[in-house]
Amino acid sequence: MIDLKPRLHNWMPPLLRAWWLWWALALGVGLWAVWLVELRPRVDAAALPPAALTWDGAEMRVLQGTGSRDGPALALRLNAKGRATVRMPTAGFAAGQHRLLRLRGSRLDALRGMRLIWQTETPPSPVFRSRAPEQSPLLRHELAPPGWLAPTWDLGTVTGWRDTVTVLALALRGPPGQTVVIRALSLAPATTAGAAQALVAQWGYWLPWSQSSINFYRADLPGRVLGFRVPVAVLFVAAALAAYGLLWLALRRRLPFDWRVAGGIFLLGWVALDAPWQWSLWQQLAATRADYAGKSDRQKALAGLDAGVYRLITDVRPALGPAPARVFIATGSEYLGLRAAYHLYPHNPYWPRGRPQLPPAHRLRSGDFVLVLRPTRVRFDAQAGELVWRRGQRVAAEPVAAEPGSEPTAGDGLGRLYRVL
Amino acid sequence: MTTAMDTLRVLAALGLPWLLGALAVHRLVAPALPGRRALVLGYGFLLGVLALTLCMRALDHLGLPLRVPVVLAPLLLLTLALGVLQWWRPRAFGAALGGVGPGTLPRWQRLLMALLVAAVALRLAGFWLEVSWRPLFPWDAYMHWATKAKVWAEAQALLPFVSYDDWLAADGAGVYTDNHPDYPITTPLLQTWMALLLGRFDDALVNLPWVALLGAAVLLLFAQARRAGAGPLAAVVFCYLLASMPMVNLQTALAGYADVFLGVFYLAAVAAFYHWSQTRDWRDGLLALACAAACPLIKNEGLFWLLSFGPALAVRSLPWRWSLALLASAVALGVAALLLAPADTSLAGHTLARLDVHLRAEALQPLLESWFVHANWHLLFWLLAALLAASLGLAGVMRRAWPPSLAAVGAALGTAVALFLVLFLFTGYAGGAMRHTADNRIMLQLAPALLFFCLLLWLWVYQLSAKTVAGETPAPDGGIGARALLDPSQSPG
């Protein structure tokens with residue numbers, strides 16, 4: 001049984017009574033535990049490390065997008081679909097000996113995604129006869145977004161990163177027409193320092209706000225043994241606390257339990273998780289500033305994701321007259337329906353989420369408006385001058401022009417406004 | 001573009017209810033409390049916002065238009081009256097660090113505190129800019145929260161929002177509709193107030209109260225932590241933990257949801273309840289009552305969190321056998337009601353038929369992932385689990401029961417978490433846990449209070465272990481022994 005009432009009578013050198021010393025020692029144990037679980041399996045200590053493979057941007061072959069050489073760098077412009085692909089000139093190398101992928105370049109943070117594409121060849125068995133080396137299909141791996149260090153990825157646990165790599169390419173996604181500069185791509189052998197650098201680089205990354213951002217924050221570490229940041233931090237904290245607890249148990253007659261050590265270990269674990277989060281908040285703030293700062297309400301709305309809907313609503317607003325006009329919104333897109341309704345208030349929009357796109361025809365009155373947004377099952381029969389929807393529902397209507405005398409508005413092709421007659 | 005006039009109007013819109021609330025809390029709370037200044041400011045914001053929205057409801061109920069002068073008049077009168085009272089019978093606001101002079105703390109503590117305060121301040125400043133620049137962004141905010149504010153600000157009246165069917169039945173005359181017309185209106189009223197003072201509905205600036213809310217939450221947690229016996233450093237550390245939890249940050253930066261408001265009000269209610277249960281001071285009771293009663297006015301789930309104080313009161317007031325019997329009876333009654341009640345019985349805005357009550361075990365793993373694997377809460381749930389294990393372990397080894405006040409708070413939060421689990425493991429909301437579309441948002445309503453509970457557990461474990469090591473008998477309830485927490489000059493042993 002643990003003696004919880006030790007008598008502190010034995011002498012101890014003053015230095016060994018310093019709480020920060022035990023704190024530092026425990027932190028060292030915590031880091032060692034992380035090294036043991038996350039980094040050691042990636043380092044092949046037995047093999048002599050081969051030289052790193054490096055391809056300059058100028059050496060790369062552009063398969064998608066357009067590229068122009070600038071010295072050793074490649075200025076790569078994404079095509080109209082926002083894609084570009086470059087292939088490395090390689091005669092083949094052993095994947096297992098080259099696990100750390102590094103990319104050097106600029107404007108990479110403008111990208112929305114990167115994917116490594118490769119093909120491998122399984123060497124013929126030295127024991128059993130086989131006709132020819134076996135080729136794998138093209139393999140793909142989504143690279144986590146660039147983090148707070150130069151983009152570095154550990155391919156050690158990536159499925160299919162084995163045998164001899166004969167084809168290697170990098171596919172980029174981003175805004176159409178965006179230009180990025182690639183200076184070099186290199187594959188280095190797994191060393192302790194390299195693996196640690198990859199982990200630190202992967203620790204902090206930023207993804208712009210999306211509609212799901214409000215719901216959760218996963219902080220995953222793809223390809224890692226523990227898979228997420230929190231378990232790695234917990235491993236660090238638990239190992240450090242266990243080390244301190246064991247030390248205290250062993251020396252409890254000489255060393256008082258010090259909450260500063262335990263608290264300091266926990267706080268450092270929390271900060272280790274919070275630092276990349278704070279960094280991503282700053283990255284987001286910079287992006288938000290670039291998108292919206294110094295703009296009027298209208299300019300902000302036009303810079304948003306739903307600019308098309310906003311433009312359409314702004315165009316048709318004069319035709320609606322003074323608020324509140326009754327506006328039925330017919331669309332199969334939740335996002336468009338919601339955003340259109342939001343922009344229409346303080347008019348009186350009706351967008352029934354999870355229900356038929358329009359109510360029965362007898363619910364519509366003369367003078368009501370119907371905003372039809374694609375995709376939709378509501379169509380306008382121009383010959384009959386009627387809006388038609390499911391089960392033969394129809395109502396007399398006319399397209400509404402934004403300005404008297406102009407063409408009925410189509411708002412970026414998103415949809416059209418009709419007035420019920 | 002935000003002009004200087006916009007900034008002034010925003011500051012006035014935030015400052016006036018805050019000042020009113022702060023003056024009211026200042027007159028209410030006892031004169032000599034650790035962390036009093038932070039307490040006044042933190043609770044002041046919450047009560048000011050509450051008073052403002054209640055005032056707007058009352059004015060509309062009386063048939064008065066929600067024009068700026070009409071809303072301003074009662075607020076200004078009340079503020080003026082409290083200001084005159086303060087001038088006539090002045091009261092000190094208390095020390096900045098809550099009763100401890102900065103000079104009495106070791107240098108490393110001052111440095112660490114400065115770093116943590118700077119980290120929190122920097123984060124708040126970032127949120128202020130993010131919210132000022134970005135137009136309304138998150139889904140529910142434009143689906144059913146800000147919709148009402150947009151209409152009310154334009155009409156300067158609380159026009160009714162009704163269901164889709166009622167809207168069709170009324171031909172949309174004089175009524176509006178959105179996806180949740182039955183949701184409580186406190187946060188839309190707050191956005192309406194911002195829009196009224198701004199003179200237009202700017203769907204970025206109307207969300208700035210969310211940033212102020214986080215500031216108020218930090219202040220009130222600091223004050224209540226100091227009052228609970230935490231040293232200045234420990235209190236600041238817990239404030240940093242609160243201000244840095246990603247889910248709290250997400251609902252601040254992407255402002256527009258009501259969950260974070262409910263979370264802070266529930267934290268304020270739990271913390272005030274803890275102090276009331278320790279001191280039986282009616283002023284703490286009043287703060288707890290006001291904040292708890294506000295919960296259902298913010299979101300429908302607030303009703304359940306309000307009910308969680310029932311078991312807490314039982315634990316605090318009755319012998320434990322009676323409490324246990326009462327709890328068992330309440331659970332049995334609840335289960336029987338769920339089984340026997342008609343399917344169209346409505347529970348906090350949802351019918352039993354829609355809730356479709358039965359076990360959904362597949363939602364347990366995603367829930368545990370959200371708490372222990374994903375970074376939604378950083379290490380909050382690991383801290384809670386470790387402190388619960390440590391406190392129960394120490395209590396078992398030393399044969400010491402939890403102090404009654406701690407047990408009461410534990411009963412409230414235990415009930416709330418149990419109700420949370422019922423919601424996600426036994427109703428149709430399990431889908432929200434499996435896709436993580438709802439579980440973290442609902443947990444956000446409890447997480448700040450759970451952090452306060454962590455603080456209480458830690459203080460108790462610390463106090464117990466410290467006194468045990470020193471060979472003393474622990475106090476029956478949380479005393480002030482832990483005030484010197486992390487102070488090397490007074491560390492145990």
Side-chain angles (χ1 to χ4, degrees), chain A residues 4-6 8 19 209 211-219 227-231 233-234 237 256-260 263 266-267 269-270 273-274 277-278 281-282 284-285 288-289 291-297 300-301 304 323-324 326 338-339 341-342 345-346 348 350 352-353 355 359 363 365, chain B residues 1 119 123 126 129-130 133-135 137-139 142-143 146-147 150-151 154-155 164 167-168 171-172 176-179 202-204 237 241 244 246-247 249-251 253-254 257 370 372-376 378-379 382-383 397 436-438 440-441 462 465 468-469 471 485-486 488 491-493:
Chain A
L4 285 169
K5 294 183 179 177
L8 302 168
W19 67 271
W209 295 137
Q211 287 296 313
S212 62
S213 297
I214 193 88
N215 294 328
F216 53 81
Y217 176 62
R218 289 158 50 100
F228 295 87
R229 270 187 223 147
V230 166
V234 169
V237 170
F257 186 85
D258 197 324
W259 278 99
R260 285 170 296 186
F266 173 79
L267 186 61
W270 188 288
L273 289 170
D274 193 42
W277 169 237
Q278 175 65 80
L281 287 174
W282 281 335
Q284 178 60 56
L285 187 62
T288 304
R289 182 180 177 216
D291 288 344
Y292 299 112
K295 291 183 173 166
S296 67
D297 297 354
K300 281 183 185 181
R326 293 208 319 165
L338 280 171
R339 293 303 292 179
Y342 176 72
Y345 290 107
N348 201 346
Y350 173 87
R353 189 182 186 216
R355 291 188 171 200
R363 292 291 190 186
R365 302 271 178 267
Chain B
M1 193 185 309
R123 195 166 301 218
L129 293 174
E130 177 80 38
W133 287 332
R134 175 177 290 281
F137 183 76
W139 190 271
Y142 54 74
M143 183 165 74
T147 48
K150 239 182 144 178
V151 170
E154 174 73 16
Y164 297 136
W167 188 90
L168 287 172
D171 276 344
Y176 289 78
T177 189
D178 63 16
N179 198 45
D202 180 321
D203 68 359
V237 166
L241 302 189
S244 62
M247 279 309 296
N249 292 172
L250 282 170
Q251 280 217 4
L254 300 176
Y257 280 35
S370 285
F372 293 104
V373 179
H374 297 167
N376 302 302
H378 284 342
L379 297 175
W382 287 97
L383 178 67
V397 168
H436 297 305
T437 50
N440 291 309
R441 289 197 280 118
Y462 170 80
S465 61
T468 306
V469 169
L485 216 61
L486 301 187
S491 65

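So you know, we letter chains A, B, ... as the sequences are listed, proteins then strands, and number each from 1. When reading the values below, keep in mind they use all heavy atoms of this one structure, side chains included, and skip hydrogens, waters and symmetry mates.
Contacts between A/Arg218 and chain B at a heavy-atom distance below 4.5 Å involve backbone atoms as well as side-chain atoms. Using a 4.5 Å cut-off between heavy atoms, B/Met247 contacts chain A through its side chain alone, with no backbone atom that close. Both the backbone and the side chain of A/Arg289 come within less than 4.5 Å of a heavy atom of chain B. Contacts of A/Trp277 with chain B are made by side-chain atoms alone, with heavy-atom separations under 4.5 Å and no backbone atom involved. Proximity to chain B involves both the backbone and the side chain of A/Ile214, based on heavy atoms less than 4.5 angstrom apart. For a residue to count as touching a neighbouring chain, one of its non-hydrogen atoms must lie under 4.5 Å from one of that chain's; by this rule A/Ala293 touches chain B with backbone and side chain alike. Looking at B/Tyr257, the atoms closer than 4.5 Å to chain A (heavy atoms on both sides) all sit in the side chain, from C-beta outward. For B/Ala204, the part lying near chain A is the side chain, with the backbone staying farther off; criterion is any non-hydrogen pair under 4.5 Å. Of the two parts of B/Glu154, only the side chain, counted from C-beta on, holds a non-hydrogen atom closer than 4.5 Å to a non-hydrogen atom of chain A. If you measure heavy-atom distances from B/Asn179 to chain A, the contacts under 4.5 Å come from the side chain alone.
With chain A as partner, the option from B/Val373, B/Val151, B/Leu129, B/Asn249 having the largest number of non-hydrogen pairs under 4.5 angstrom is B/Val373. The greatest number of non-hydrogen atom pairs below 4.5 Å with chain B, out of A/Ala233, A/Ala219, A/Pro352, is found for A/Pro352. When each of A/Leu273, A/Asp274, A/Val237 is checked for heavy-atom pairs under 4.5 Å with chain B, A/Asp274 comes out on top. When each of B/Leu383, B/Asp203, B/Leu168 is scored by its heavy-atom pairs under 4.5 Å with chain A, the top score falls to B/Leu168. Of the listed residues (A/Val234, A/Leu267, A/Leu281), the one with the most heavy-atom contacts under 4.5 Å to chain B is A/Val234. In terms of non-hydrogen atom pairs under 4.5 Å with chain A, the most contact-rich of B/Pro138, B/Ala253, B/Ala375 is B/Ala375. With chain B as partner, the option from A/Trp270, A/Tyr342, A/Tyr345, A/Tyr292 having the largest number of non-hydrogen pairs under 4.5 angstrom is A/Trp270.
Contact check for B/Thr177 versus A/Tyr350: side-chain heavy atoms found under the 4.5 Å cut-off. The closest side-chain heavy-atom distance from A/Trp209 to B/Glu130 is below 4.5 Å. Here the side chains of B/Trp133 and A/Lys295 are not in contact, with every heavy-atom distance at 4.5 Å or above. Contact annotation: the side chain of A/Thr288 never approaches that of B/Phe137 to less than 4.5 Å [non-hydrogen atoms, C-beta and beyond].
Scored by the side chain to side chain donor-acceptor pair (under 3.5 Å) test, B/Trp382 finds no partners at all (sequence neighbours excluded). By the ring pair (Phe, Tyr, Trp, His ring centres under 6.0 Å) test, B/His374 is found to be paired with A/Phe228, B/His436, residues two or more places apart in sequence or in another chain being considered.
Here B/Ser244 contributes atom OG and B/Arg123 contributes atom CZ; the two are 5.0 Å apart, rounded to the nearest 0.5 Å.
Salt bridge annotation for B/Lys150-B/Asp178: absent, with no cationic side-chain nitrogen under 4.0 angstrom from a carboxylate oxygen.
Remark: the A/Asn215 side chain and the B/Trp139 side chain contain no N/O donor-acceptor pair separated by less than 3.5 Å.
Of the candidates B/Asn440, B/Leu250, B/Thr437, A/Phe216 forms a side chain to side chain contact (heavy atoms under 4.5 Å, CB included) with just one, namely B/Asn440.
Of the possible donor and acceptor atoms, one in the side chain of A/Arg326 sits under 3.5 Å from a partner among the backbone N and O of B/Asp171.
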